[in-house]
Number of protein chains: 2
Amino acid sequence: MTLLPSPQQLRYLVTLAESRHFGRAAQICAVTQSTLSAGLLALERQLDCHILDRAAGRHVVFTPLGLELVERARTALTALESVSEAARAAREPMGGPLRLGVIPTIGPFLLPTLMPALRSAFPRLRLYLREDTTANLVDRLNANRLDLLLLATPCDCGGADTMPVARDGFLVALPPGHRLAGEDAIPVAALATERLLLLEDGHCLRDQALAVCGLLAGDRGDQDGFAATSLHTLVQMVANGLGITLLPALAVAAGITDGTGLVLRPLAGAGAWRTLGLAWRPNAPRSADYQALGSRLVETCREVLENQRAHAGAICVSLPV
Amino acid sequence: MTLLPSPQQLRYLVTLAESRHFGRAAQICAVTQSTLSAGLLALERQLDCHILDRAAGRHVVFTPLGLELVERARTALTALESVSEAARAAREPMGGPLRLGVIPTIGPFLLPTLMPALRSAFPRLRLYLREDTTANLVDRLNANRLDLLLLATPCDCGGADTMPVARDGFLVALPPGHRLAGEDAIPVAALATERLLLLEDGHCLRDQALAVCGLLAGDRGDQDGFAATSLHTLVQMVANGLGITLLPALAVAAGITDGTGLVLRPLAGAGAWRTLGLAWRPNAPRSADYQALGSRLVETCREVLENQRAHAGAICVSLPV
DNA sequence: CAAAGTCATCGTTTATTTCAATCAAAACAT
DNA sequence: ATGTTTTGATTGAAATAAACGATGACTTTG
């Protein structure tokens with residue numbers, strides 16, 4: 001039987017690949033640089049192959065095989081962790097650390113309500129948060145640097161298991177006095193002639209908003225070079241008359257338009273929405289936990305979205321939720 | 001960061017689960033029984049959980065959590081091995097040990113030709129063979145006890161990556177002087193009134209033959225309690241006038257009907273066939289090797305199946321290959 | 001050219017793993 | 001019942017592997 005690589009050595013390998021620096025990698029692994037160096041050499045000797053290209057000056061350069069081994073090492077470490085995680089999950093359901101990734105168009109609006117709710121429902125859960133774009137979060141999920149994602153579909157979740165938790169409708173946000181502000185509901189066709197403001201590239205909300213308008217993601221370069229970096233910025237831009245936009249009901253419910261005088265109108269016809277949902281690695285040892293958390297999340301989303309009427313009810317005739 | 005279980009301990013765990021006996025498991029792991037016992041206790045202590053139900057007399061009984069951990073341990077070990085395997089595969093393409101599983105309705109007819117061909121094409125390959133039913137082979141593939149399967153689709157390959165290598169036509173095998181023996185081609189409908197002999201349950205060929213006849217797998221219990229355990233037996237039964245059957249062209253090509261006087265006829269209309277193919281675990285480190293081997297296999301199958309005419313050409317008018 | 005930075009190497013210490021021998025309990029046969 | 005066998009757990013010595021700190025060789029940078 002073949003000799004297996006030690007988890008330690010694989011951890012050295014993966015950490016080195018992530019930091020591309022022996023010293024820093026050693027620090028992260030909480031060992032000395034010599035230990036990490038020796039561990040990597042031992043790994044190369046045991047596998048009888050070259051992982052690093054040592055002819056390449058002082059930068060850490062991986063051979064093609066080295067990169068493949070890094071990927072496989074990552075997978076192996078994830079599988080190893082899932083053994084101990086499964087044991088821990090059985091010992092203490094809904095407890096322990098949980099690394100949750102959230103996209104920027106959900107986080108600021110849902111977390112203020114969600115976090116206290118989760119704390120009271122699952123007091124032993126220790127939530128670590130990271131806010132980033134869908135693509136980055138999915139990468140981190142697959143690299144086992146996050147356990148659970150809260151994001152908006154449709155999007156590319158790269159093979160993750162998912163659970164939908166809420167439907168989040170889109171509203172047209174108009175500056176006060178806009179020519180469309182008098183309408184009860186705005187047909188999609190009317191948007192074509194408007195200057196539609198969007199988030200910068202990388203935000204899934206951008207693609208979803210474009211899809212709602214019947215456009216492809218690549219269709220619209222930001223003609224004037226102004227794409228917003230957050231929904232708050234976007235709201236300010238609309239309030240200043242630079243154009244109109246689509247806002248998720250969730251953000252409105254959280255009061256993002258409060259005090260701006262913005263007019264909110266539903267799109268005419270079939271509702272346009274995004275689906276909020278959880279995503280995790282297939283076979284994740286704590287998927288039962290994640291689903292229970294998802295059920296709780298369904299409640300919270302409902303509460304938050306119903307609360308929306310306090311903010312938008314007066315000016316928005318029909319509200320897709 | 002969580003403490004990871006050692007690969008050693010996981011190997012003890014998986015081996016114990018497979019042998020359900022400390023002593024034998026220790027022997028397989030090439031350690032003493034005390035080492036294996038201590039390793040398992042250490043694992044339970046590290047994970048702070050019960051893996052074995054020690055109240056259950058002298059038999060090895062796993063707790064539900066224990067069974068889950070075994071499964072995850074298997075996965076983790078496979079992932080670990082894939083690291084060293086990837087290195088080995090890069091160092092020596094098409095070399096080293098390869099555990100190949102073959103179904104009984106392919107093995108005896110293809111391997112005599114295939115093995116020498118592979119030996120000359122890939123002299124450094126060390127082939128270990130196992131013949132078993134599809135379901136058992138797939139289980140062993142997933143448990144990382146086999147690397148590559150040679151089987152016949154359609155069948156349930158349970159998530160494996162596959163590569164078709166040949167189309168293997170079905171022929172109607174009739175006893176000499178059978179009332180249908182005069183026909184050039186036999187319509188499927190004619191089979192309904194015949195006593196159709198089949199392999200015993202578990203052979204995919206049985207299900208595939210039934211499907212060709214438009215029947216479901218469960219439709220036909222072996223009315224008379226006689227199902228054959230091998231194609232050779234089946235041929236003898238047909239030769240003795242107990243009924244008729246369908247034979248794969250591959251078996252005919254290998255001469256399974258030689259000297260029996262059996263009459264072979266194609267089915268009328270669209271050809272009925274099974275597809276021979278390879279299957280391996282997704283992300284298997286040597287999948288490039290497997291595909292190269294598959295390409296070679298395509299050649300061998302073609303040769304063998306063309307050779308069929310030497311055996312059946314004279315009596316079989318049109319031959320689906 | 002000097003200085004800093006980076007990775008590899010060496011000898012020592014520490015921690016872990018394994019073995020052989022032995023023990024206690026359960027199952028089986030008489 | 002009662003000895004016998006089988007099974008898994010325990011123990012202390014020996015072997016093995018991993019970690020550290022200091023140092024060396026080599027680049028890159030100012």
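Reminder, nothing fancy here: chain letters follow the sequence lines and each chain counts from 1.
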Requested in this report: Under 4.0 Å between any heavy atoms, over every strand shown, what does Ala26(B) touch: base, sugar-phosphate, or nothing? Just pick one.
Outcome: nothing
Query - Whole-Å distance separating the CZ atom of Phe22(B) from the P atom of dT10(D) - result: 11 Å
Query raised in the report: What nucleic acid atoms does Gly23(A) come within less than 4.0 Å of, heavy atoms only: base, sugar-phosphate, or nothing?
Result: sugar-phosphate
Report summary line: Taken to the nearest whole Å, CG/Leu4(B) to P/dA18(D) is 14 Å
Report task. For Leu40(B) and dA9(D), give me the distance from atom CG to atom P, rounded to whole Å. Result -> 8 Å
**Report entry** Whole angstrom value for the distance that separates P of dT7(D) from CD of Gln27(B)
**Finding:** 12 Å
Requested in this report: Measure from the side chain of Ser37(B), starting at C-beta and using heavy atoms only, and say which of dC7(C), dC19(C), dT10(D) lies closest.
Outcome: dT10(D)
Query - Phosphate OP1/OP2 of dA19(D): any Tyr12(A) side-chain N/O under 4.0 Å - result: yes
Query raised in the report: Would you call Asp48(B) and Arg91(A) a salt bridge, taking side-chain N to carboxylate O under 4.0 Å as the test?
Result: yes
Requested in this report: Return the 5'-most residue of the pair Gln46(B), Gln33(B) with respect to DNA chain C, ranking by each residue's nearest nucleotide.
Outcome: Gln46(B)
Requested in this report: Could you check how far CG of Leu36(B) sits from P of dT7(D), rounded to whole Å?
Outcome: 14 Å
Requested in this report: Check the distance between dA9(D)'s C1' and Leu52(B)'s CG and give it to me in whole angstrom.
Outcome: 12 Å
**Report entry** Phosphate OP1/OP2 of dA18(D): any Thr35(A) side-chain N/O under 4.0 Å
**Finding:** no
**Report entry** Length of the line joining Asp53(B):CG and dA26(C):P, which is rounded to integer Å
**Finding:** 14 Å
Query - Carboxylate-amine/guanidinium contact Arg74(B) Glu18(B), below 4.0 Å - result: yes
Report task. Check the surroundings of atom CD in Gln27(A): do more than 12 heavy atoms from other residues, nucleotides or ligands lie under 6.0 Å from it? Result -> no
Query raised in the report: Checking only heavy atoms, does the side chain of Ser6(A) share a donor-acceptor pair with the base of dA18(D) at less than 3.5 Å?
Result: no
Query - Presence of salt bridge, Arg206(A) and Glu200(A), under 4.0 angstrom - result: no
Query - Along DNA chain D (nearest heavy atom to each residue), the more 5'-positioned of Leu41(B) and Gln8(A) - result: Leu41(B)
Query raised in the report: Judged by atom type as modelled, is there a donor-acceptor pair below 3.5 Å linking the side chain of His50(B) to the main-chain atoms of Leu52(B)?
Result: no
Query raised in the report: Is the distance from OP1 or OP2 of dT6(C) to the nearest side-chain N or O of His59(A) less than 4.0 Å?
Result: no
Report task. Figure out the CG/P separation between Leu16(A) and dC7(C), and round it to whole Å. Result -> 8 Å
Query raised in the report: Closer to the 5' end of DNA chain D via nearest nucleotide, is it Thr32(A) or Glu44(B)?
Result: Glu44(B)
